[in-house]
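Notes for the one structure printed next.
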Amino acid sequence: MADEPETERNTEVTMDEIVALAKRRGFVFPSSEIYGGIGSTYDYGHYGVLLKNNVKNEWWKAMLTDRDDIVALDSAIMQHPKVWEASGHLAGFTDPLVQCLGKCKKRWREDHLREAVEAEGGDPEAELRCPECGGELSPPRNFNLMFETHMGPVAEEGNVVYLRPETAQGIFINFKNVLNFARKTPPFGIAQIGKSFRNEITPGNFIFRTREFEQMEMEFFVPPDEAGTWYREWIDLRRDWYLDLGIRPDFLMVRPHGADELSHYSTGTSDIEYLFPIGWSELEGVANRGNFDLTQHQEHSHEKLEYFDQKTGERYLPHVIEPAAGADRAALAFLVDAYEVEEIEGRERTVLRLHPRLAPVKVSVLPLVSKEGMPEKAREIMQSFRKAGIQAEYDAGGSIGKRYRRQDEIGTPWGITVDHQTMEDDTVTLRDRDSLEQVRVPAEGLPGQIAARLATGWKSPKLG
Ligand code: GAP
C-alpha cells in the first residue's frame with residue numbers, strides 16, 4: 001500500500017460548509033425532509049442536477065466523443081438473479097457487521113473500526129470497542145449489501161430479484177450483443193452510467209457514501225497480453241480527467257491496492273483518491289479484472305462469450321480493465337475543490353471556482369435597474385444564449401452586489417450587466433468570477449464570446 005502524501009488541506013473547508021452551501025443554493029437537499037428525513041439519502045436540486053449532468057457529460061465526452069473504441073450501453077437495474085450468482089455478489093458482496101452490545105446498540109463496519117484503531121497505532125484485537133459509547137461489540141457477521149425485492153405481485157422466494165450493486169455486470173452480460181452489432185475488435189470498451197444500490201452499513205459524509213448512487217463505469221476488453229499496458233494507460237487517463245477539470249494536483253493521488261485489499265476478481269487495482277475534508281478517500285477505482293467476469297458468465301449461462309480473432313484464428317476470453325467512478329462522489333470532489341472563501345475589500349465572498357465546463361450556469365445576465373429598457377435588453381441577450389444552447393440565467397432581484405454574490409456561490413464563471421451605457425452604445429460589462437475583472441464588450445455576438453471562452457482552456461486560479 002502506498003503511503004499517503006503529507007499534504008494537508010491548505011484551503012479550509014469542512015463538510016458542514018459544503019452541506020450548508022449545497023442546501024442554501026439548491027444543489028443538494030436531504031431527502032424526505034418534511035417527514036424528518038431518511039438517513040443518508042439526498043435529492044438533487046436545480047444546480048445540483050446541472051452540475052451532475054455536466055460531470056456525466058464530461059465523462060461521456062471522454063469515453064465516446066474523444067475516441068472511437070468505446071460504445072455506450074444503458075442496461076436494466078433489475079437483472080436475472082443468476083447474474084449475481086455468477087458475479088460472486090450473492091456469496092461475497094458482504095461487509096463485516098458488528099453491533100454494540102452496550103448502551104447505544106449502534107451497528108458498525110468492523111473493518112473500518114479496525115482501520116481507525118490501527119491508524120492511532122493501537123491493537124485492534126485488544127481495543128475494538130463501540131466508538132459511540134465504548135460498549136462491547138458483537139462478533140462480526142457478514143452482511144450482504146444487495147437490496148432485495150420481488151418481481152411480480154406476490155412476494156415469495158422464487159421471484160427474488162436484486163437492485164444492481166454495480167453497473168458493470170450489465171455490461172458483461174451484453175458483451176455478446178455488442179460484439180455482434182458493433183463489429184469491434186479488442187481492445188474496445190463498453191461504457192455505462194446509471195444508478196446502483198448498496199445497503200451500506202455506515203453510509204455518511206453527505207453524498208460521499210449513500211445507499212443509492214450513480215456510477216460511471218467502463219469495461220475495456222483487451223487481448224490478454226495487453227492487459228498490463230491498458231491498466232496503466234487507464235490509470236493515467238482517468239487521473240488526467242480530474243486534473244483537466246480543475247482538481248488541484250496536490251489533492252489527487254493514485255494509490256495501488258495492497259495484495260490483501262484486492263477484490264476477488266482483481267489482479268490489480270489502483271484507487272484514484274482525493275483529499276476530501278474527511279481525509280484521503282477513493283474517488284474512482286481502476287481494476288484489472290482479468291477474464292474473471294466473462295469466464296463466470298460463460299460458465300453460468302452456458303453461452304460462449306469468447307472472441308474469435310479472424311486474423312490469427314485464435315479464440316479467447318478478453319481481459320478487462322475497468323475504470324469505475326461515482327458521479328455523486330465526483331460532483332462532491334469538484335464542489336469541495338472549488339469552494340473558497342476570500343476577503344474582497346473588507347467583505348467576505350464565497351466562491352465556487354468550478355471549471356467553466358462543469359459550472360451549472362455559464363453566464364448570468366443582470367439588468368442594473370428594472371427600468372429604462374434594461375430588463376428588455378437583458379431578456380434579448382438571454383434569448384441569444386438560449387438559441388446558442390448556452391445555460392444562462394436572468395437575475396433581476398436585489399442589489400447588483402447581492403446578485404454577483406449569488407452567482408459566485410453557484411460558480412457562474414461570467415456575469416453580464418446591462419447598464420445605462422448599454423442603452424447608449426450597445427455595450428455591456430463582462431465580469432470574470434475568478435479575477436473579478438470587468439471589461440466592456442459589445443452586446444452583439446455575446447454567445448460567440450462566451451462559447452470561445454468555454455472552448456479555450458481554463459487557467460485555474462487555484463494553481464496560483
Ligand atoms: N464495478 C466496480 C465497482 O463497483 P467500487 O469501487 O465498488 O467498484 C466504484 O465502486 C465507484 O463507485 C467508487 O469509486 C465510488 O466513486 C462509487 N461508489 C461506490 N459505492 C458508493 C456509495 N455507497 N456511495 C457513493 N458512491 C459510491
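This chain uses plain numbering: 1 for the first residue, then up along the sequence. As the structure lists them, so they are numbered: ligands from 1, and atoms in each ligand from 1.
- Scanning the protein heavy atoms around atom 18 (N) of ligand 1, the nearest turns out to be Phe213 CE1, 3.6 Å.
- Between the Asp293 side chain and the Gln169 main chain, no donor and acceptor come within less than 3.5 Å of each other.
- Near Glu322, meaning under 4.0 Å from any of its heavy atoms, are these atoms of ligand 1: 1 (N), 2 (C).
- Shortest contact from atom 7 (O) of ligand 1 to any protein heavy atom: Arg198 NH1, 2.8 Å.
- Using a cutoff of 4.0 Å between basic side-chain nitrogens and carboxylate oxygens, Asp66 and Lys61 are scored as salt-bridged.
- Those atoms of ligand 1 with a heavy atom of Arg289 less than 4.0 angstrom away are 1 (N), 2 (C).
- The backbone N or O of Ile173 sits nowhere less than 3.5 Å from a side-chain atom of Lys176 that would complete a donor-acceptor pair.
- Which parts of ligand 1 touch Glu217 is read off a 4.0 Å heavy-atom cut-off, strictly below it: atoms 1 (N), 2 (C), 3 (C), 4 (O).
- Any N or O atom pair closer than 3.5 Å counts here, and Glu166 shares at least one such pair with ligand 1.
- Close approach of ligand 1 to Glu282 is summarised as follows: ligand atoms under 4.0 Å from at least one heavy atom of the residue are 6 (O), 13 (C), 14 (O).
- More than 12 non-hydrogen atoms from other residues, nucleotides or ligands lie less than 6.0 angstrom from CZ of Arg211.
- Heavy-atom proximity to Leu283, at under 4.0 Å, picks out these atoms of ligand 1: 14 (O), 16 (O).
- In this structure, the protein non-hydrogen atom closest to atom 12 (O) of ligand 1 is Gln215 NE2, 3.3 Å.
- Residue contacts with ligand 1 leave out Gln169, since none of its heavy atoms falls under 4.0 Å from the ligand.
- Put simply, the side chain of Leu352 does not reach to within 4.5 Å of the side chain of Ile410, judged on heavy atoms.
- A cation-pi contact links Arg238 to Trp241, judged by a cut-off of 6.0 Å to the six-membered ring centre and 45° from its axis.
- Between Arg114 and Glu110 a salt bridge is recorded (basic side-chain N to carboxylate O distance below 4.0 Å).
- Heavy atoms of Glu284 found under 4.0 angstrom from ligand 1 belong exclusively to the backbone.
- Residue-level proximity to ligand 1 for Arg211 is absent, since no heavy atom of it falls below 4.0 angstrom.
- If you number the atoms of ligand 1 from 1 as listed, the ones under 4.0 Å from a heavy atom of Ala168 come out as 1 (N).
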After noting the C-alpha distance and the side-chain angles of Asn288 and Trp230, does the key distance pass the side-chain hydrogen bond (donor to acceptor under 3.5 Å, both in side chains) rule? CA-CA 9 Å; Asn288 181 348; Trp230 281 109; over 6 Å; no
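- In this structure, the protein non-hydrogen atom closest to atom 25 (C) of ligand 1 is Phe208 O, 3.1 Å.
- We find that Arg109 and Asp111 are joined by a salt bridge, their nearest charged nitrogen and carboxylate oxygen being less than 4.0 Å apart.
- Taking atom 17 (C) of ligand 1 as the reference point, the nearest protein heavy-atom neighbour is Gly326 CA, 3.8 Å.
- Using a 4.0 Å cutoff on heavy atoms, Thr210 counts as a contact of ligand 1.
- Shown in contact with Ala324 at under 4.0 Å from a heavy atom are these atoms of ligand 1, numbered in order with element: 2 (C), 9 (C), 11 (C), 14 (O).
- Residues meeting the side-chain hydrogen bond (donor to acceptor under 3.5 Å, both in side chains) test with Asn159, sequence neighbours left out: none.
- Side-chain atoms of Lys106 never come within 3.5 Å of backbone atoms of Cys133 as a donor-acceptor pair (strictly under, hydrogens ignored).
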